[in-house]
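The next block holds one structure in the form of structure tokens; read it before the comments.
As the structure is a prediction and not an experimental result, all values here were calculated from the model. Proteins come first, then strands; the chains are lettered A, B, ... in the order of their sequence lines, and each starts at number 1.
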Number of protein chains: 2
Amino acid sequence: MPSQIRGEHRSRSKVFKALGHPTRLFLLEELSRGERCVCELRDMVHADISTVSKHLSLLKEAGVVSDRKEGLKVFYSLRIPCVMKFFDCLDEVERASASCCASSRKPRP
Amino acid sequence: MPSQIRGEHRSRSKVFKALGHPTRLFLLEELSRGERCVCELRDMVHADISTVSKHLSLLKEAGVVSDRKEGLKVFYSLRIPCVMKFFDCLDEVERASASCCASSRKPRP
DNA sequence: GAACTATTTGGCAGTTTAGCCAAATAGTTG
DNA sequence: CAACTATTTGGCTAAACTGCCAAATAGTTC
């Protein structure tokens, strides 16, 4: 019985906020295949390298990715692989939207 | 091989953005126990009823909750229960932060 | 239909975010 | 150390988000 907004909600929402951008989801999808340097990612995303860097910083700040420096390059990798499983659930959103409204709804106690 | 930002990324990010707010996570947690009317939720959240209503609209727009009118009241319910499972994964983020850095990292191919 | 309850909508001020450029930093190489 | 490459940081503008209030809407009840 939480009945209040707790720190838990705040820290979790921070992660979701980090996931709430198309470019960052793309970056995560790419990182799920293995670590990549910023320069590789920039080539895939149509954006300034500073923009890509900031997206990655934000993901790192949220704890979703980690980075590793090797020479001049910085390699980012997915630190919490389980986030990739979220997508299966999200596709349910779309399926539910398509074949609408026959869904389960808990009755009031 | 996606190699591009697709509509998929956009629609998914919309859902994550909707989850990216402490109050909305609280609302979802409450709705996971059964449907609730706006007035009930307002009593739990320290915010104007119009603010609560807007949070709920946003969640509905993202496809995460649905609403049902009964007399004067509008009852909201969780449409995609699987989002509640996300939290288990998110707690991994914190655990990983605590017992730092011994994590798995895919080597480059 | 007037008074009332529950909810949504519009609008506004303050804050945050996105993306670009320029400049700074870090590391490599001649 | 000068020139170069890779990345980050600071600053700026435009856009989006938050939360409150006031007003509008929807439905109920007398």
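Considering every non-hydrogen atom in both A:R42 and A:A47, the closest pair reads CG-O, 3.7 Å. Closest approach of A:L25 to B:H9, counting heavy atoms only: CD1-O, 3.5 Å.
Rounding to whole angstrom units, NZ of residue B:K17 and P of C:dT16 are separated by 16 Å. Put simply, CZ on B:R24 is 12 Å from C1' on D:dG19, counting in whole angstrom units. In this structure, the CZ atom of A:R42 is 14 Å from the C1' atom of D:dT8, given to the nearest Å. Atom pair A:F16:CZ and C:dT16:P shows a separation of 21 Å (rounding to whole Å applied). In this structure, the CD1 atom of B:I49 is 13 Å from the C1' atom of C:dT9, given to the nearest Å. A:R68 has its CZ atom 16 Å from the P atom of D:dA6, to the nearest Å. Remark: P of C:dT8 and CG of B:D67 are 7 Å apart, rounded to the nearest angstrom. Here D:dT18 presents its P atom at 14 Å from CD of B:E61, a figure rounded to the nearest Å.
Residues passing the side-chain contact (heavy atoms from CB on, under 4.5 Å) test with A:K54, sequence neighbours excluded: none.
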Derivation and outcome, side chain to side chain contact (heavy atoms under 4.5 Å, CB included), residues B:K14 and B:E61: CA-CA 9 Å; B:K14 191 174 167 188; B:E61 172 70 17; 3.3 Å; yes
Please report the C-alpha distance between B:E8 and B:R10 in whole Å, then the side-chain angles of each, then the deciding distance to 0.1 Å, and finally whether the salt bridge (Lys or Arg N to Asp or Glu O under 4.0 Å) criterion is met. CA-CA 5 Å; B:E8 218 174 25; B:R10 265 176 257 281; over 6 Å; no
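The cationic group of A:R36 does not satisfy the cation-pi geometry with A:Y76, failing either the under 6.0 Å distance to the six-membered ring centre or the 45° limit from the ring axis.
Between the side chain of B:S53 and the backbone N or O of B:I49 there is no donor-acceptor pair closer than 3.5 Å.
Comparing atom distances between the A:D48 side chain and each of C:dC20, C:dA6, D:dT7 picks out C:dC20 as nearest.
Taken from CG in A:L27 to CE in A:M44, the straight-line distance is 9.5 Å, to the nearest 0.5 Å.
Only A:S50, A:T51, A:K54, A:H55, A:L58, listed by number, bring a heavy atom of residues 50-58 of chain A to less than 4.0 angstrom from any atom of DNA chain C.
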Let me have a per-nucleotide readout for nucleotides 24-30 of chain D, 5' to 3', with B, S or -, counting only protein heavy atoms under 4.0 Å. --BBS--
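The aromatic rings of A:F16 and B:F16 lie parallel to each other, with less than 30° between the two planes, well short of the 60° mark.
For C:dT8, the OP1/OP2 oxygens have a side-chain nitrogen or oxygen of B:Y76 closer than 4.0 Å. At D:dG19, one or more side-chain N or O atoms of B:H21 fall inside 4.0 Å of OP1 or OP2 (strictly under the cut-off).
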